S.K.: 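The following block contains the structure, expressed as structure tokens.
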Amino acid sequence: MIDLKALRDDPDVVRASQTARGDDPALVDALLAADEARRAVVSRADTLRGEQKAVSQSVRGATPEERPAVLEKAKALAEQVKEAEGAQAEADTGLRAAHLAVPNVIAGAPPGGVDDFIVLEQVGEVPSYDFPVRDHLDVGSILGAIDTERGAKVSGARFAFLTGPGALLELALVNLAMAQAVDAGFTPVIAPALVRPEAMEGTGFLGAHAAEVYKLENDDLYLVGTSEVPLAAYHSGEVLESVPRRYAGFSSCFRREAGSHGKDTRGIIRVHQFDKVEMFSYVGLADAAAEHQRLLEWEKEFLGKLELPFRVIDVAAGDLGSSAARKFDCEAWLPSQERWLELTSTSNCTDFQARRLNIRIRGEKGPVPAATLNGTLCAIGRTIAVLLEVHQRADGTVHVPLALRPYLSGQSELKPA
RNA sequence: GGUGGCGUGUCCGAGCGGCCGAAGGAGCACGCCUCGAAAGCGUGUGACGGUGCAAGCCGUCCGUGGGUUCAAAUCCCACCGCCACCGCCA
């Protein structure tokens, strides 16, 4: 939720943000109106409550003769208060709805839609191969690392088994990622993958992304699509005594992939279930932009260790989630399709998400909303796919990046069994 | 799954239906004392909303949501969470 006081002071900033996102600026005026309406109603209810309270108090001190009259007055006021509180509840609901409808104010993101991103840099060269490249599923099948057929048999389309070297590769990546995170001062976390509705709502995933989310009807729980959800909700309702706080969460991630039929259907680039190591930071608002850069640097560092060529893009406003003020993606080269594929993504949610989750920091003049940021350290399935493709050799073996070897019994290459 | 108990401020902990935002302690901050510190003493110490330039004033908040009442932390109902024991499963 955006800061209402800031909105009152300068609604044009928010209107401009809406326009840059390709979203409706009228939502801003609806919010302003709802805010105004609520304040009027609150004043009225406050006054009535005050009167009623006073009259109520006087019941005790009233003489037996005046008592009936006082009671009658109190009763009448109670009626009015009830009515005023009903109006207040309605106004509150209206304000909340209008409030939730307005996404975060963008901070530096280029205006426009999905294709209007800006390439900030490219690290490494696009690789070339002097043999016909196989896609990751072919490479993975030769190695006995990926089994999508049995995945489909057991669980359906977009499910896969990671087997043998594939399974070991996953564990190696997790360990490498966690080791880097711990070195950087993150607290490692194994997070729940099932969360309550409040956690899902608070992080904003029941808005535009609602169709993407698995829900367990019988238990009123949701399967998370990213550990951002439990990591953000981790401190919900709390006042933090100190920041920064950095968590590196490992969890499985579940996505329905509704609306992506026919897209990335081969292999494990887009599946319903994968594991991920996610970075999550709580910082002061003033430090948020700097933290965002740090998260990006950690992501780049990790991709560097994997010896993968990639580029960094500044995602356009229209392609940001509702909580994000700015987002950077790292896209690795996918040889089989000769295109860039999103491997990591880091978002600065400023104080938008924290306001919704009621996460504050103890400040000089009382608590203030925290700023929250998230960034992928390693989305394992996809990373495996890219690793297998980029590091493949003509004979079907796969080069193991140096940094990964300590976690793979020192192997310098993956070989078919 | 069953039974019983509990849920109050940063923490512990009291709280006859009105005088309770809430006793008492601890912690923390400041001051006194001290060469300095500890101890001791004194003072202060929640959040949110409204209003005001401000000091302030008003309202709301005792797990959450309803209800009873002129009046609810206190009574009733539902839900959530925690603890204990039993059963079941690892």
Side-chain angles (χ1 to χ4, degrees), chain A residues 1-10 31-100 102 190-202 206 215-222 229-230 233-243 245 282 284-285 351-370:
Chain A
M1 293 188 281
I2 65 166
D3 183 355
L4 281 182
K5 291 199 178 102
L7 170 69
R8 283 177 212 149
D9 290 345
D10 197 353
L31 176 55
L32 281 167
D35 176 45
E36 184 112 15
R38 192 196 77 104
R39 279 187 292 158
V41 171
V42 165
S43 283
R44 194 174 109 78
D46 274 2
T47 310
L48 280 169
R49 255 193 303 262
E51 278 176 46
Q52 198 229 5
K53 213 170 157 178
V55 175
S56 241
Q57 289 302 338
S58 70
V59 169
R60 305 183 70 203
T63 62
E65 299 82 69
E66 47 195 30
R67 210 181 168 84
V70 176
L71 271 179
E72 188 146 332
K73 194 173 169 193
K75 222 164 192 164
L77 272 168
E79 261 322 291
Q80 291 185 55
V81 167
K82 199 163 190 178
E83 178 266 320
E85 284 183 338
Q88 184 179 339
E90 213 169 290
D92 280 338
T93 308
L95 175 62
R96 185 167 171 82
H99 207 169
L100 290 175
V102 177
I190 310 288
L194 284 169
V195 299
R196 316 177 59 162
E198 302 90 287
M200 217 57 175
E201 271 161 19
L206 292 186
K215 180 176 187 186
L216 284 94
E217 275 306 335
N218 287 344
D219 301 281
D220 204 19
L221 288 170
Y222 292 90
V229 175
Y234 187 64
H235 283 304
S236 62
E238 297 182 20
V239 177
L240 303 177
E241 298 298 332
S242 66
V243 284
R245 302 210 180 197
Y282 297 85
L285 186 57
D351 54 356
F352 185 89
Q353 193 174 55
R355 193 169 276 117
R356 209 159 162 174
L357 288 164
N358 191 24
I359 301 165
R360 293 169 294 170
I361 301 168
R362 174 113 27 231
E364 286 291 310
K365 290 172 285 185
V368 294

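The structure presented is a predicted model; accordingly, all values stated were derived computationally and were not measured. To find a chain, count down the sequence lines: A is the first, B the second, and so on, and within it residues start at 1.
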S.K.: Let's test this: given Watson-Crick or G-U wobble pairing with both distances under 3.5 Å, identify the partner of B:rU74.
M.R.: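 Pairing partner, where one exists within any strand: none, as none qualifies.
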
S.K.: In Watson-Crick or G-U wobble terms, both distances under 3.5 Å, what is the partner of B:rU68?
M.R.: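 Answer to the pairing question: none, since B:rU68 forms no Watson-Crick or G-U pair.
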
S.K.: For B:rA47 versus B:rG36, give the span between their C1' atoms, rounded off to a whole number of Å.
M.R.: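 Here B:rA47 and B:rG36 have their C1' atoms 39 Å from each other.
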
S.K.: When you match A:T47 and A:E241 each to their closest nucleotide on RNA chain B, which lands nearer the 5' end?
M.R.: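 Nearer the 5' end of the strand: A:E241.
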
S.K.: Taking the C1' atom of each, how far is B:rG44 from B:rU10, in whole Å?
M.R.: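 Those two atoms are separated by 15 Å.
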
S.K.: Could you tell me if the side chain of A:Q88 sits less than 4.5 Å from the side chain of A:R44, heavy atoms only?
M.R.: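 Counting from C-beta outward, A:R44 and A:Q88 never come under 4.5 Å.
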
S.K.: State the pairing partner of B:rG1; accept Watson-Crick or G-U wobble contacts with both distances under 3.5 Å, and report none otherwise.
M.R.: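 B:rC86 is the nucleotide pairing with B:rG1.
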
S.K.: For B:rA22 and B:rC79, measure between their P atoms and round to the nearest Å.
M.R.: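 These two P atoms come out 34 Å apart once rounded.
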
S.K.: Could you check whether A:R44 gets within reach of a base, just the sugar-phosphate, or nothing at all, counting any heavy atom under 4.0 Å?
M.R.: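 Answer is nothing: A:R44 stays at 4.0 Å or more from every strand.
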
S.K.: Just how far, in rounded Å, is P of B:rU10 from CD1 of A:I361?
M.R.: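 Distance, rounded to whole Å: 17 Å.
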
S.K.: May I have the distance from A:R360 (atom CZ) to B:rG49 (atom P), rounded to whole angstrom?
M.R.: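 Distance check: A:R360 CZ to B:rG49 P gives 9 Å.
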
S.K.: Is there a side-chain contact between A:P369 and A:L285, using heavy atoms and a 4.5 Å cut-off?
M.R.: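 Counting from C-beta outward, A:P369 and A:L285 never come under 4.5 Å.
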
S.K.: With both distances kept under 3.5 Å, what pairs with B:rU60, Watson-Crick or G-U wobble?
M.R.: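 WC or wobble partner is B:rA47.
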
S.K.: Quantified in whole Å, what is the P atom distance between nucleotide B:rU43 and nucleotide B:rG52?
M.R.: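 Each nucleotide's P atom is 36 Å from the other's.
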
S.K.: Using atom P in both nucleotides, what's the gap between B:rG49 and B:rC30 to the nearest angstrom?
M.R.: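 Here B:rG49 and B:rC30 have their P atoms 28 Å from each other.
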
S.K.: In the strands shown, is B:rG40 matched to any nucleotide by a Watson-Crick or G-U wobble pair with both distances under 3.5 Å, and which?
M.R.: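 With both distances under 3.5 Å, B:rG40 matches B:rC32.
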
S.K.: Taking the C1' atom of each, how far is B:rU64 from B:rG25, in whole Å?
M.R.: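 Straight-line distance between the two C1' atoms is 29 Å.
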
S.K.: Show the distances under 3.5 angstrom between N or O atoms of the protein and N or O atoms of nucleotides 68-74 of chain B.
M.R.:
| unit_1 | atom_1 | unit_2 | atom_2 | d |
| --- | --- | --- | --- | --- |
| B:rC70 | OP1 | A:K75 | NZ | 3.3 |
| B:rC70 | O2' | A:S56 | OG | 3.0 |
| B:rC70 | O2 | A:S56 | OG | 3.2 |
| B:rA71 | O4' | A:S56 | OG | 3.0 |

S.K.: Using whole Å, report how far CD of A:Q88 lies from C1' of B:rC48.
M.R.: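 It is 12 Å, rounded to the nearest whole Å.
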
S.K.: If you count the non-hydrogen atoms of other residues, nucleotides and ligands that lie under 6.0 Å from CD in A:E85, is the total more than 12?
M.R.: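 More than 12 within 6.0 Å, yes.
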
S.K.: What is the distance, rounded to the nearest whole Å, between atom CZ of A:R49 and atom C1' of B:rC57?
M.R.: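 In whole Å, B:rC57 C1' lies 16 Å from A:R49 CZ.
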
S.K.: Whole-Å distance between B:rC48 P and A:R355 CZ?
M.R.: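 Atom-to-atom, A:R355 to B:rC48, this comes out as 12 Å.
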
S.K.: Tell me the partner of B:rC19, counting only Watson-Crick (N1-N3 plus N6-O4 or O6-N4) or G-U wobble (N1-O2 and O6-N3) with both under 3.5 Å; none if nothing fits.
M.R.: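 Paired with no nucleotide.
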
S.K.: If B:rA26 has a Watson-Crick or G-U wobble mate with both distances under 3.5 Å, name it; if not, just say none.
M.R.: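 Across any shown strand, B:rA26 pairs with B:rU10.
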
S.K.: So do the side chains of A:L100 and A:M1 get within less than 4.5 Å of each other, counting heavy atoms only?
M.R.: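 Result yes, sub-4.5 Å side-chain heavy-atom pair found.
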
S.K.: Closest approach of A:A98 and A:A34, non-hydrogen atoms and distance?
M.R.: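 The answer is CB-CB, 4.0 Å.
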
S.K.: Using Watson-Crick or G-U wobble geometry with both distances under 3.5 Å, which nucleotide pairs with B:rC53?
M.R.: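 In the structure as shown, B:rC53 has no Watson-Crick or wobble partner.
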
S.K.: Measuring only the C1' atom in each nucleotide, how far is B:rG63 from B:rG59? A whole number of Å is fine.
M.R.: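 My reading of the C1' atoms in B:rG63 and B:rG59 gives 22 Å.
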
S.K.: Do A:L31 and A:L95 have side chains that approach each other closer than 4.5 Å (heavy atoms only, starting at C-beta)?
M.R.: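 Yes, side chains in contact.
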
S.K.: Could you tell me the separation between the CG atom of A:D92 and the P atom of B:rG59, rounded to a whole number of Å?
M.R.: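 Rounding to the nearest Å, CG of A:D92 and P of B:rG59 are 18 Å apart.
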
S.K.: With side-chain contact (heavy atoms from CB on, under 4.5 Å) as the test, would you mind laying out the steps for A:N358 and A:E238 before giving the verdict?
M.R.: CA-CA 7 Å; A:N358 191 24; A:E238 297 182 20; over 6 Å; no

S.K.: Other residues, nucleotides and ligands only: do more than 12 of their heavy atoms fall within 6.0 Å of CZ on A:R8?
M.R.: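 For A:R8, atom CZ is crowded (more than 12 foreign heavy atoms under 6.0 Å).
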
S.K.: Could you check how far CD of A:E85 sits from C1' of B:rG65, rounded to whole Å?
M.R.: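 One finds 14 Å between C1' of B:rG65 and CD of A:E85, rounded.
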
S.K.: Can you tell me the distance, in whole Å, between the CZ atom of A:R39 and the P atom of B:rG52?
M.R.: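 Whole-Å distance recorded here is 9 Å.
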
S.K.: Are A:L221 and A:K215 side-chain neighbours, meaning at least one heavy-atom pair lies under 4.5 Å?
M.R.: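 They are not in side-chain contact.
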
S.K.: Expressed as a whole number of Å, how far does the C1' atom of B:rC12 sit from that of B:rC62?
M.R.: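 Those two atoms are separated by 16 Å.
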
S.K.: Using a heavy-atom cut-off of 4.0 Å across all strands, would you classify A:R8 as base, sugar-phosphate, or nothing?
M.R.: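 Sugar-phosphate: the residue A:R8, judged by heavy atoms under 4.0 Å, touches backbone atoms but no base.
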
S.K.: Describe the nucleic acid contact of A:K53 in one word from base, sugar-phosphate, nothing, applying a heavy-atom distance below 4.0 Å.
M.R.: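 Sugar-phosphate contact only.
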
S.K.: Heavy-atom nearest nucleotide on RNA chain B for A:K5 versus A:D46: which residue maps closer to 5'?
M.R.: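 Result of the comparison: A:K5.
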
